[in-house]
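Comments concern the structure below.
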Amino acid sequence: MFVKNPEYFLAIVKERSISKAADRLYLSQPYLSQYLAKLESNLGVTLLDRSHTPLRLTPAGELFYAYLERQDYLDRQLESDLRTLQSQKPPQLHIGVSTWRGSILLPDILPRFSALYPGVEVRFFENNSVELDRMVLEGRTDFNIMHVQPPKENLEYETLGVDPFCLAAPVSWKERLGLQEGAIGKGELKRLEQEPFIMVARGQKLRQTADEILSRAQVRPKVLFSTKSMETAKRLVAGGMGLTLLPMSYTTLLSDRKGILCVPISEELEASWKIVIAYPKGEELPCCCREFLRLLRQRMRERQRDSTEKEM
């Protein structure tokens, strides 16, 4: 409800006199009396008991006075909040992302987001999944984009997509390995046990997932080389040095598939990993976070649709 010049009524109540309130407000007493009469007429109630000296509030006046006090507080709070907002730094978005996953997703999403929200400062932190879990729990990131770890009870996980793994082999080894069209299963992988493997170093989620796939196939690989770089492993395969296991999305990340044969792995070996968003459970994400995630989900749906259309 809009009340014109509420400070007039508040002054009358505080002074408990129309004449004293008029002096305080530098108004004439008749003018202030007319203001009060018009206010009571508009509200349809009597606000002040004029038979009592000093003036005192009627029950309706008590209610109206309490309303104006709250409204005055809210007005002052709004002014304070707006001043604080003007003096604050621009909104910041802190994203944790696994290193190679960031290379795939961020170039797609960040330009779109920055064009729509130029006032938001975006900072992202690249690390392995274990460290990313720690960072989001400590509040150093708003959310993470990562490969799923054993779930933490105090984190919420939302699946963005699934990335299947493949066996990467030198093209020149196709006949030697007897690789056929279609997915490779337990038996085929077991037959490759004595072939040299190029693996990423232990401690990385990529190595953990590759080891789990090989374990399900009961394969103990002969690891010829171990490297911290997925791209190094891939290039060594292209150079004819051995085999490796890679997510399909990584096979064209930094370089193409020249010299590499990518063979899908059968679903019986659960050869894939989930890409998830992780954030603290029970917490409301800031608006800029929700908008970034909206664009991310949209882009993931587009990628999935494009992938399905290519397969058809």
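Only a predicted model underlies this, so the values are computations on that prediction, with no experimental measurement involved. Numbering of residues begins at 1 and proceeds along the displayed sequence.
Note that CD of Glu126 is 9.0 Å distant from OG of Ser98, once rounded to the nearest 0.5 Å. The CG atom of Leu160 lies 12.0 Å from the CE atom of Met146; values are rounded to the nearest 0.5 Å. Here the straight-line distance linking atom CZ of Arg24 with atom CD1 of Ile12 works out to 11.0 Å at 0.5 Å rounding. Distance OG/Ser17 to CD/Gln29: 7.0 Å, rounded to 0.5 Å. The CG atom of Leu295 sits 6.0 Å away from atom CG of Leu116, with the distance rounded to the nearest 0.5 Å. Once rounded to the nearest 0.5 Å, the distance linking CZ of Arg297 with CD1 of Ile109 reads 11.5 Å.
For the residue pair Thr58 / Asp49, no side-chain donor-acceptor distance below 3.5 Å is found, with atom types taken as modelled. For the residue pair Ser229/Thr227, the side-chain donor-acceptor check at 3.5 Å is not satisfied.
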What verdict does the side chain to side chain contact (heavy atoms under 4.5 Å, CB included) test give for Asp133 and Lys152, after you've listed the backbone C-alpha separation in whole Å, the side-chain angles of each residue and the deciding distance to 0.1 Å? CA-CA 8 Å; Asp133 272 348; Lys152 302 284 191 302; 3.1 Å; yes

side-chain hydrogen bond (donor to acceptor under 3.5 Å, both in side chains) assessment of Gln208 paired with Gln204: CA-CA 6 Å; Gln208 178 186 336; Gln204 298 186 48; over 6 Å; no

Do Ile95 and Phe292 pass the side chain to side chain contact (heavy atoms under 4.5 Å, CB included) test, and can you show the C-alpha distance, the side-chain angles, and the key distance before you say yes or no? CA-CA 10 Å; Ile95 306 169; Phe292 186 93; 3.5 Å; yes

Starting from the C-alpha separation in whole Å, work towards a yes-or-no answer on side chain to side chain contact (heavy atoms under 4.5 Å, CB included) for Arg140 and His94. CA-CA 7 Å; Arg140 289 186 284 159; His94 299 88; over 6 Å; no

Using the rule given for side chain to side chain contact (heavy atoms under 4.5 Å, CB included), can you reason through Val263 versus Cys166, listing the C-alpha separation, both sets of side-chain angles and the distance that settles it, and then say yes or no? CA-CA 5 Å; Val263 184; Cys166 68; 5.7 Å; no

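Ring geometry for Tyr8 against Tyr35 counts as perpendicular: the plane angle is over 60°, on a 0 to 90° scale with 30° as the lower cut. Using bins of under 30°, 30° to 60° and over 60° for the plane-to-plane angle, the ring pair Phe165/Trp273 lands in the perpendicular bin.
Scanning all heavy atoms of the two residues, the minimum distance from Leu285 to Cys289 falls at CB-CB, 4.0 Å. Minimum interatomic distance between Pro221 and Leu214 (heavy atoms only, all atoms of both residues): CG-CD1, 3.7 Å. Scanning all heavy atoms of the two residues, the minimum distance from Pro107 to Gly102 falls at CD-O, 3.3 Å. Pairing each heavy atom of Ile18 with each of Leu32, the nearest pair is O-CD2, 3.5 Å. Considering every non-hydrogen atom in both Leu10 and Glu69, the closest pair reads CD2-OE2, 4.0 Å. In plain terms, the two heavy atoms of Leu269 and Ile184 that are nearest each other are CD1-O, 4.5 Å.
At a threshold of 4.5 Å between non-hydrogen side-chain atoms, the residues Glu158 and Val276 do not count as touching. A 4.5 Å side-chain heavy-atom check between Tyr157 and Thr159 finds every atom pair outside the cut-off. The shortest distance between side-chain heavy atoms of Arg257 and Lys234 does not fall below 4.5 Å. Two residues are said to be in side-chain contact when any heavy atoms from C-beta on lie closer than 4.5 Å; Lys222 and Phe197 fail this criterion. The closest side-chain heavy-atom distance from Leu93 to Phe124 is not below 4.5 Å. Here the side chains of Trp173 and Leu243 are in contact, with some heavy-atom distance below 4.5 Å. With contacts defined as side-chain heavy-atom distances shorter than 4.5 Å, the pair Arg50/Leu36 qualifies. Side-chain atoms of Ile198 and Val223, non-hydrogen and from C-beta on, never get closer than 4.5 Å to each other.
Residues Val45 and Leu57 share a single hydrophobic cluster, defined by chaining ILVMFWY side chains whose heavy atoms lie under 4.5 Å apart. Grouping the Ile, Leu, Val, Met, Phe, Trp and Tyr side chains by contacts below 4.5 angstrom, directly or via other members, places Val237 apart from Val200. Hydrophobic clustering places Val122 together with Val97 (ILVMFWY residues linked when any side-chain heavy atoms are closer than 4.5 Å, directly or through intermediates). One hydrophobic cluster holds both Leu261 and Met230 under the rule that ILVMFWY side chains link at heavy-atom gaps under 4.5 Å. Following chains of ILVMFWY side-chain contacts shorter than 4.5 Å, one cannot reach Met248 starting from Leu179, and the two form parts of different hydrophobic clusters.
A side-chain donor-acceptor contact under 3.5 Å links Glu188 to the backbone of Gly185. Of the possible polar contacts, one joining the Lys281 side chain to the Glu153 backbone as a donor-acceptor pair under 3.5 Å is found. A donor-acceptor contact shorter than 3.5 Å links the side chain of Asp256 to the backbone of Lys258. Of the possible polar contacts, one joining the Ser266 side chain to the Glu268 backbone as a donor-acceptor pair under 3.5 Å is found. A side-chain donor-acceptor contact under 3.5 Å links Ser28 to the backbone of Tyr31. Glu40 places a side-chain N or O within donor-acceptor distance of the main-chain N or O of Leu47, the cut-off being under 3.5 Å. Of the possible donor and acceptor atoms, one in the side chain of Lys190 sits under 3.5 Å from a partner among the backbone N and O of Gln218. Without hydrogens or angle criteria, Ser114 side chain to Leu110 main chain gives a donor-acceptor distance under 3.5 Å.
Between Arg112 and Glu302 there is a salt bridge, since a side-chain N of the basic residue sits under 4.0 Å from a carboxylate O of the acidic one.
Taking the six-membered ring for Trp, Phe9 and Phe64 have ring centres closer than 6.0 Å.
Within 6.0 Å of CZ on Arg176 lie more than 12 heavy atoms contributed by other residues, nucleotides or ligands. Heavy-atom contacts from other residues, nucleotides or ligands closer than 6.0 Å to CD of Glu138 number more than 12.
Partners of Asp211 according to the side chain to side chain contact (heavy atoms under 4.5 Å, CB included) rule, which considers only residues two or more places apart in sequence or in another chain, are Met199, Arg202, Arg207.
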